[in-house]
Enquirer: 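After the structure tokens below, expect a handful of questions from me.
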Amino acid sequence: MLFRSELIDRLMIGIEDRAITLLYYQSARSTEPVEYEIHPYGIVFHRGSLYLVAYSTDHDETRHFKVDRMEGVEPQNLKFERPLDFDLQKHLADSFGVYHGDGQPVQVRIRFSRDVATYVEESHWHKSQTLTRQRDGSLLFEVSLSETEEIMRWVLSF
């Protein structure tokens, strides 16, 4: 297993050189690491963890891989062509975090009790959010997202 700094260095080489990369990754659902051939696009930081955004040739789609679950990274000598229209910020724009959906964004409305309304108001959670205080002190939080799993987890944390 690689030290984290060496693993991140190898990921950066794959990203910068547009090198096809072998990734040894153990998902939360698997019992041992699996080898994937990926085209690494970029790294994002979300809620205390780093995530790699990469095209997985094994899945024929862009996926997000948590760096903490990586066992190994091996950039190859073969190059890949990054899609001209791929933009990391746009890719994540309709996400509440790092989970990404490919469907049309859905409008999510959540009413927070007055007990947590101030906490929710104190932070900017998403670019599309609107916050409306209600007469009873509660807060109506509205946002447009392409995927709802992360926001459901967030709501359940309250």
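Here the structure is a predicted model, which is why all the values come from computation and not from measurement.
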Enquirer: Quick one: list whatever passes salt bridge (charged side-chain N to carboxylate O under 4.0 Å, His left out) with R114, sequence neighbours left out.
Expert: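 With neighbours one apart ignored, the set is empty.
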
Enquirer: Apply side-chain hydrogen bond (donor to acceptor under 3.5 Å, both in side chains) to R18 and list each qualifying residue two or more places apart in sequence or on a separate chain.
Expert: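 With sequence neighbours excluded, R18 shows a side-chain hydrogen bond (donor to acceptor under 3.5 Å, both in side chains) to no residue whatsoever.
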
Enquirer: Counting distance only, does the side-chain N/O of H126 pair as donor-acceptor with the main-chain N or O of S128 below 3.5 Å?
Expert: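 A pair under 3.5 Å: yes.
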
Enquirer: Kindly indicate whether the side chain of L52, heavy atoms from C-beta on, has any atom under 4.5 Å from the side chain of I38.
Expert: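 Heavy-atom side-chain distance check passes, below 4.5 Å.
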
Enquirer: Please name all residues satisfying side chain to side chain contact (heavy atoms under 4.5 Å, CB included) with D17, sequence neighbours left out, ordered by chain then number.
Expert: I13, A19, K79

Enquirer: If you measure from CE on M70 to CG on L11, what distance do you get to the nearest 0.5 Å?
Expert: 5.0 Å

Enquirer: Flag yes if I110 and F158 sit in one hydrophobic cluster, no otherwise; membership is Ile, Leu, Val, Met, Phe, Trp, Tyr, and two members link when side-chain heavy atoms are under 4.5 Å apart.
Expert: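 Looking at the clustering, F158 is in the same group as I110.
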
Enquirer: Counting distance only, does the side-chain N/O of R63 pair as donor-acceptor with the main-chain N or O of S56 below 3.5 Å?
Expert: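 Absent.
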
Enquirer: Under the 4.5 Å side-chain heavy-atom rule for ILVMFWY, direct or indirect, which residues accompany L84?
Expert: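 In the cluster with L84 there is nothing else; it is isolated.
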
Enquirer: Taking V155 as the starting point, is it possible to reach V120 by hopping between hydrophobic residues whose side chains are less than 4.5 Å apart?
Expert: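 They do share one cluster, since a chain of ILVMFWY contacts under 4.5 Å joins V120 to V155.
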
Enquirer: Specify the closest pair of heavy atoms between S144 and P105, including all atoms of both residues, with the distance to one decimal.
Expert: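 Closest approach of S144 to P105: OG-CB, 3.3 Å.
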
Enquirer: Among all residues two or more places apart in sequence or in another chain, which pass the side chain to side chain contact (heavy atoms under 4.5 Å, CB included) test with M12?
Expert: I8, I15, E16, I43

Enquirer: What are the two closest heavy atoms between V67 and R4, and how far apart are they?
Expert: CG1-NH1, 4.0 Å

Enquirer: Restricting to non-hydrogen atoms, name the atom on D68 and the atom on S49 that form the minimum distance, rounded to 0.1 Å.
Expert: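 Where D68 meets S49 most closely, the heavy atoms are OD2-OG, 3.8 Å.
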
Enquirer: Can you list the residues that meet the side-chain hydrogen bond (donor to acceptor under 3.5 Å, both in side chains) rule with D60, with sequence neighbours excluded?
Expert: Y55

Enquirer: Can you list everything that forms a side chain to side chain contact (heavy atoms under 4.5 Å, CB included) with E122? Sequence neighbours excluded, please.
Expert: T118, Y119

Enquirer: Do F86 and I20 belong together in a cluster built from hydrophobic side chains that touch within less than 4.5 Å?
Expert: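 Yes, one cluster joins them.
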
Enquirer: For residues 127-142, which residue pairs qualify under salt bridge (charged side-chain N to carboxylate O under 4.0 Å, His left out), counting only residues two or more places apart or in two chains?
Expert: R109-E142, E121-R133

Enquirer: Y25: what forms a ring pair (Phe, Tyr, Trp, His ring centres under 6.0 Å) with it, not counting sequence neighbours?
Expert: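 In terms of ring pair (Phe, Tyr, Trp, His ring centres under 6.0 Å), with neighbours along the sequence ignored, Y25 is linked to F65.
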
Enquirer: Please list, chain by chain and in numerical order, all residues satisfying side chain to side chain contact (heavy atoms under 4.5 Å, CB included) with L22, sequence neighbours excluded.
Expert: Y24, E35, E37, E74, Q76

Enquirer: Give a yes or no on this: more than 12 heavy atoms of other residues, nucleotides or ligands lie within 6.0 Å of atom CD of Q107.
Expert: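 Counting neighbours around CD of Q107, more than 12 heavy atoms of other residues, nucleotides or ligands fall under 6.0 Å, so yes.
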
Enquirer: Let me see the working for Y41 and T62 under side-chain contact (heavy atoms from CB on, under 4.5 Å), right down to the final yes or no.
Expert: CA-CA 9 Å; Y41 294 161; T62 301; 4.0 Å; yes

Enquirer: Hydrophobic clustering (ILVMFWY, side-chain heavy atoms < 4.5 Å, transitive) - are V116 and L139 grouped together?
Expert: yes

Enquirer: How many angstroms lie between NZ in K66 and NE2 in H64, if you round to the nearest 0.5 Å?
Expert: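 Interatomic distance, K66 NZ to H64 NE2, rounded to 0.5 Å: 14.0 Å.
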
Enquirer: Take T57 and F80 through the test side-chain contact (heavy atoms from CB on, under 4.5 Å) and record every step on the way to the result.
Expert: CA-CA 11 Å; T57 59; F80 68 87; over 6 Å; no

Enquirer: Please name all residues satisfying ring pair (Phe, Tyr, Trp, His ring centres under 6.0 Å) with H124, sequence neighbours left out, ordered by chain then number.
Expert: none

Enquirer: Can you list the residues that meet the side-chain hydrogen bond (donor to acceptor under 3.5 Å, both in side chains) rule with T132, with sequence neighbours excluded?
Expert: none

Enquirer: Apply side-chain contact (heavy atoms from CB on, under 4.5 Å) to F141 and I151, showing your working.
Expert: CA-CA 11 Å; F141 175 93; I151 198 163; 3.9 Å; yes

Enquirer: Treating Ile, Leu, Val, Met, Phe, Trp and Tyr as nodes and any side-chain heavy-atom pair under 4.5 angstrom as an edge, say whether F112 and W125 lie in one connected cluster.
Expert: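 Linked within one cluster.
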
Enquirer: Taking all atoms of both residues into account, what is the closest heavy-atom pair of A117 and S138, and its distance?
Expert: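 Nearest pair, atom of A117 first, then S138: CB-C, 4.5 Å.
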
